[in-house]
There are 2 protein chains.
Amino acid sequence: MGDMKMSGGVEWAVHCCVVLSQAEGPVPTQRLAEFHGISRTYLAKHLQQLSRAGLVSSTEGRVGGYRLTRPADEITVLDVVLAIEGLEPAFRCTEIRQNGPLPASPTACKRPCGVNRVMQAAEQAWRAALREVTIADLAVTVTKDAGPQTFVRVREWLAT
Amino acid sequence: MGDMKMSGGVEWAVHCCVVLSQAEGPVPTQRLAEFHGISRTYLAKHLQQLSRAGLVSSTEGRVGGYRLTRPADEITVLDVVLAIEGLEPAFRCTEIRQNGPLPASPTACKRPCGVNRVMQAAEQAWRAALREVTIADLAVTVTKDAGPQTFVRVREWLAT
DNA sequence: TAAACGCGGATAAGTTATGTCCACGATTAG
DNA sequence: CTAATCGTGGACATAACTTATCCGCGTTTA
């Protein structure tokens, strides 16, 4: 049936952060969207979320745009994912153990439900993995995969 | 904005498996739904998915119902989650690196996108955590939390 | 033979995801 | 000063998904 899925905006946001980490000045939404071949108006929404989360700062006006607020090695992939997806855990316990003819006692319910504990632990493992990788790490990966001249060309294109 | 979330059916399915691990015979959907205070018709859908995934087997007819196909210590929480949520990863790479004015070269694209690799690694960590816990483990947790008589009462109620 | 049960398909309401569009204020180039 | 560029927030629209409900069918048993 339905699968647990991450918003598509996460992919956009991470790639945008990598580009921003290589830019020399503020980059407008228009440029980021054009560079990635994606919707400008929708990307704008996601960039605003990054802004609200404090990962990027915006400059209004004629030569405005976005820039990272911190060095790229201080922004983790988890930061970006949480900024887009929100802070709520993927699993929400509805306490069904308290339902039905044999509800769990209030005493037993002082601890979170065992199922919930397992799910939260798994999500912590997931978050830990995403916290281990920074935007700077991803930039290095791109350089390795696509060649050392890649970001030079990106900067040239951004200057156009 | 939107958050990555797991289907509510996962919670139901896990709790049902714990109950099934303690049952002495096949348990019908009706009983499982009543026990958990949840929708019978909708739960039926999820149980059918567990059946298709091979985690439970069904008996049709007058005294039918569901039972686990394997010992509870050979069914992991991950098995149940994947049965309900599907096998597809939460993150789907749309290869936006191939878009725009500076697309990644076909050579560079032999490897998966770096962003994708990070996301997949995180999901593997998540799966590994869920694979560490079995339905039998959860049953032990319930006994610890709610007392040693809990499942005795459950079996009594199921026999009603 | 009737009641209890699982199975699969059709259907539908509510929510979320994915965008689009516009009015507004800020900034800057000419 | 005026145009053009840019971010911001809100309203709006549509497709997809979640969360169910219901029905007819075949199976099994009291």
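Chain letters run A, B, ... following the sequence lines, proteins first, then strands; residues in each count from 1. Note: hydrogens, waters and symmetry copies are ignored here, and every other heavy atom, side chains too, is used.
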Tell me: [atom1] of [X] to [atom2] of [N], nearest whole Å?
X: B:Met4; N: C:dA17; atom1: CE; atom2: C1'; answer: 15 Å
X: B:Met6; N: C:dT16; atom1: CE; atom2: C1'; answer: 17 Å
X: A:Tyr66; N: D:dC6; atom1: OH; atom2: P; answer: 12 Å
X: A:Gln49; N: C:dT18; atom1: CD; atom2: P; answer: 11 Å

Could you run down the sub-3.5 Å N/O contacts of the protein with nucleotides 27-30 of chain D?
| from | atom 1 | to | atom 2 | distance (Å) |
| --- | --- | --- | --- | --- |
| D:dT27 | O4' | B:Glu60 | OE1 | 2.9 |
| D:dT27 | O2 | B:Gly61 | N | 3.3 |
| D:dT28 | O2 | B:Arg62 | N | 3.0 |

Under the side chain to side chain contact (heavy atoms under 4.5 Å, CB included) test, residues paired with [X] that sit two or more places apart:
X: B:Arg67; value: B:Pro26, B:Ser57, B:Thr59
X: A:Pro89; value: A:Gln120, A:Glu123
X: A:Pro112; value: A:Asn116, A:Arg117
X: A:Glu132; value: none

> Partner of D:dC6 by Watson-Crick or G-U wobble geometry, both contacts under 3.5 Å, or none?
Replying inline: C:dG25
> For DNA chain C, which residues in residues 41-48 of chain B have a heavy atom at a distance below 4.0 Å?
Replying inline: B:Lys45, B:Gln48
> Can you pull the salt bridge (charged side-chain N to carboxylate O under 4.0 Å, His left out) pairs that have at least one residue in residues 35-60 of chain A, sequence neighbours excluded?
Replying inline: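 Matches after skipping sequence neighbours: none remain.
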> salt bridge (charged side-chain N to carboxylate O under 4.0 Å, His left out): which pairs involve residues 6-22 of chain A, sequence neighbours left out?
Replying inline: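 Sorted result for residues 6-22 of chain A: empty, none.
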> So which of residues 25-36 of chain B are in contact with DNA chain D, with a heavy-atom cut-off of under 4.0 Å?
Replying inline: none
>> I'd like to check the ring pair (Phe, Tyr, Trp, His ring centres under 6.0 Å) partners of B:Tyr42; sequence neighbours left out, ordered by chain and number.
In response: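 In terms of ring pair (Phe, Tyr, Trp, His ring centres under 6.0 Å), with neighbours along the sequence ignored, B:Tyr42 is linked to B:Trp12, B:His46.
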> Residues in ring pair (Phe, Tyr, Trp, His ring centres under 6.0 Å) with A:Phe91, at least two apart?
Replying inline: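 Residues passing ring pair (Phe, Tyr, Trp, His ring centres under 6.0 Å) with A:Phe91: none at all.
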> Do any pairs count as a side chain to side chain donor-acceptor pair (under 3.5 Å) and have a residue in residues 14-24 of chain B, sequence neighbours left out, and if so which ones?
Replying inline: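 Checked against side chain to side chain donor-acceptor pair (under 3.5 Å) - neighbours excluded - the pairs reaching residues 14-24 of chain B are B:Gln22-B:Arg155.
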>> Does a side-chain N or O of A:Arg52 approach OP1 or OP2 of D:dG9 to a distance below 4.0 Å, or not?
In response: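 For D:dG9, OP1 or OP2 has a side-chain N or O of A:Arg52 closer than 4.0 Å.
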>> Applying side-chain contact (heavy atoms from CB on, under 4.5 Å) to B:His36 and B:Val19, what does each step give before you reach the verdict?
In response: CA-CA 10 Å; B:His36 293 112; B:Val19 169; 3.7 Å; yes
